[in-house]
Protein chains: 2
Amino acid sequence: MKHIAIVEDEEMVAAELSAMLQKEGYQVTCIEDFSRVTEEVLAILPDLLLLDINLPEKSGFVICREIKNRSSVPVLILTSRDQLKDEIAALELGADEFITKPYRKERLLLRIANVLKRYEGRNNMLEGPGFLLDRGTYTLFIDGTSVLLPKNQGRILETLLLDFGTVVPKEKLCEAVWGTSEFIDENALQVNLTRLKKTMTSLPMKIAITSERGVGYRLEEKP
Amino acid sequence: MKHIAIVEDEEMVAAELSAMLQKEGYQVTCIEDFSRVTEEVLAILPDLLLLDINLPEKSGFVICREIKNRSSVPVLILTSRDQLKDEIAALELGADEFITKPYRKERLLLRIANVLKRYEGRNNMLEGPGFLLDRGTYTLFIDGTSVLLPKNQGRILETLLLDFGTVVPKEKLCEAVWGTSEFIDENALQVNLTRLKKTMTSLPMKIAITSERGVGYRLEEKP
DNA sequence: AAAATCCTTACACGCACTGTAAGTGGTCTT
DNA sequence: AAGACCACTTACAGTGCGTGTAAGGATTTT
């Protein structure tokens, strides 16, 4: 069953939405602590977020960006203002849909189903500049094709990608690959890093791995 | 560069759209033979199709369904009628977006970018009941997780899925797995089929393989 | 120049996938 | 009912890819 989170400050509307979605067979959670929306959503990790723009504590736009920066939960923006400016802002922030109140029940349900369908299979995918990485099998989707990474290379890329742009210490990488290994053989890590770099150069990737002497490695956009 | 196909009978509108999209950096193809829209789209296989509803020869709805049945090209419906009924019909036919004329330039461009982004990585994916199959690596996405199929099992499932519901002769399966093999060892195929069945029973799949004595195999929904 | 760190390359081990082969069970024909 | 045919299962051995080890070269730091 798909899980939908609702962030809406008008209680009447929230209740109505909740009832409607539950009748459709969704599991629904209403978030009511508007000061901790982002944290709660990231904790719940729903299949979809229904997000109102006009909130008491913080703008829905800000929340949308925060969530999109730290996860890939699809977001459907709800708003009473029918302004193109809002829609542009929302979609540029990474929102997946935009619906104006008053909404028609059928339209809303269709849009929800549409977004959920689009996200099918994208559940445990990591998004990088110009590519996607499936965390289950370490399949790399890039430029219309797909490549299967060896497990170790996949785990390394995954770990670097989760901390994109910042230096990741070698111990963390070792832990990610071998699981809190006691005897961290830094040479083994080194070899696997070389291998990953090699497979990456054979692909049209926009990122590269750089090393920070004595500390660890970093993933960043190619110059 | 992303390739967009336009199907629009009002020449003025088509030219305007084409110019606008090209200025944005898309490759654009206008389809003008309205009696062969489906065939041309399937031949071109664009990254996105802009489809008008009111066409001289055939309804855009019909075209949308035909295309969706035979490919996974994303479709963005353009219409001058702003009727909820149309929108519901369109989305139920598998259309990915729905925009009413007169459109605002920014809104249209955003929606296009949005759909293209959603389809990232879904280029060579096959869609089955409740799952997706990547044709490059034979990664199976089901129920929020992903599993990597062995190459042979993947090829068999791929071939069966392309002819879902109909019987696939054993020769065709052999060809798909070993490539027009002269000495088709039907036993080898048999063993690989058994293996595929086994991995499928270990997954929450809604389909099953049945055998047609003396002919071949068929993929169908579980009873 | 020496030391430390990073990188490359080659080699051998192991595991998963594969085809072969032999044997079982079911189904159709006569 | 019996035999022929086809579908299925299982076990085994070969192969290839991914892996860690090890040794040596390259680059930066002291």
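Naming convention: chains lettered A, B, ... in sequence-line order (proteins, then strands); numbering from 1 in each chain.
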Carboxylate-amine/guanidinium proximity below 4.0 Å for B/Lys117 and A/Glu127: yes
Sugar-phosphate only, base, or nothing, as touched by B/Lys198 at under 4.0 Å among non-hydrogen atoms: nothing
Does a side-chain N or O of [X] approach OP1 or OP2 of [N] to a distance below 4.0 Å, or not?
| X | N | result |
| --- | --- | --- |
| B/Trp178 | C/dG19 | yes |
| A/Ser211 | C/dC6 | no |
| B/Asn187 | C/dA22 | no |
| B/Tyr217 | D/dC6 | no |
| A/Lys197 | C/dT8 | no |
| B/Gln190 | D/dA7 | no |
| A/Thr194 | C/dT8 | yes |

Starting at [atom1] of [X] and ending at [atom2] of [N], how long is that distance when rounded to a whole Å?
| X | N | atom1 | atom2 | result |
| --- | --- | --- | --- | --- |
| A/Leu193 | C/dT9 | CG | C1' | 16 Å |
| A/Lys170 | C/dA4 | NZ | C1' | 10 Å |
| B/Glu186 | C/dG19 | CD | P | 14 Å |
| B/Ile209 | D/dT9 | CD1 | C1' | 16 Å |
| A/Leu173 | C/dC6 | CG | P | 12 Å |
| B/Leu149 | C/dA16 | CG | C1' | 14 Å |
| A/Asp185 | C/dC7 | CG | P | 15 Å |
| B/Tyr138 | C/dC17 | OH | C1' | 15 Å |

Given C/dT20, C/dC17, D/dG20, the nucleotide with the shortest approach to the side chain of A/Asn152: D/dG20
Candidate nucleotides C/dC6, D/dT19, C/dA21, ranked by approach to the side chain of A/Asn192 - the nearest: D/dT19
Shortest non-hydrogen contact from [X] to [Y]?
| X | Y | value |
| --- | --- | --- |
| A/Leu189 | A/Lys170 | CD2-O, 3.8 Å |
| B/Gly60 | B/Leu51 | O-CD2, 3.4 Å |
| A/Val28 | A/Gln22 | CG2-CG, 3.6 Å |

Residues B/Thr145 and B/Asp143: side-chain donor-acceptor under 3.5 angstrom: no
Polar side chain donor-acceptor pair, B/Tyr138 to B/Glu158, under 3.5 angstrom: yes
Given DNA chain C, 5'-ward residue of the pair A/Gly216 and A/Val191, judged by closest heavy atom: A/Gly216
B/Lys198, NZ atom: more than 12 neighbouring heavy atoms under 6.0 Å: no
Whether over 12 other heavy atoms sit under 6.0 Å from A/Lys222 NZ: yes
Donor-acceptor pair (no angle test) under 3.5 Å: B/Arg195 side chain, C/dC17 base: no
Distance-only donor-acceptor test (3.5 Å): side chain B/Arg213, base D/dA7: no
Global bending angle along the helix from C/dA1-D/dT30 to C/dT30-D/dA1, which compares the axes of five pairs at either end, to 10 degrees: 20°
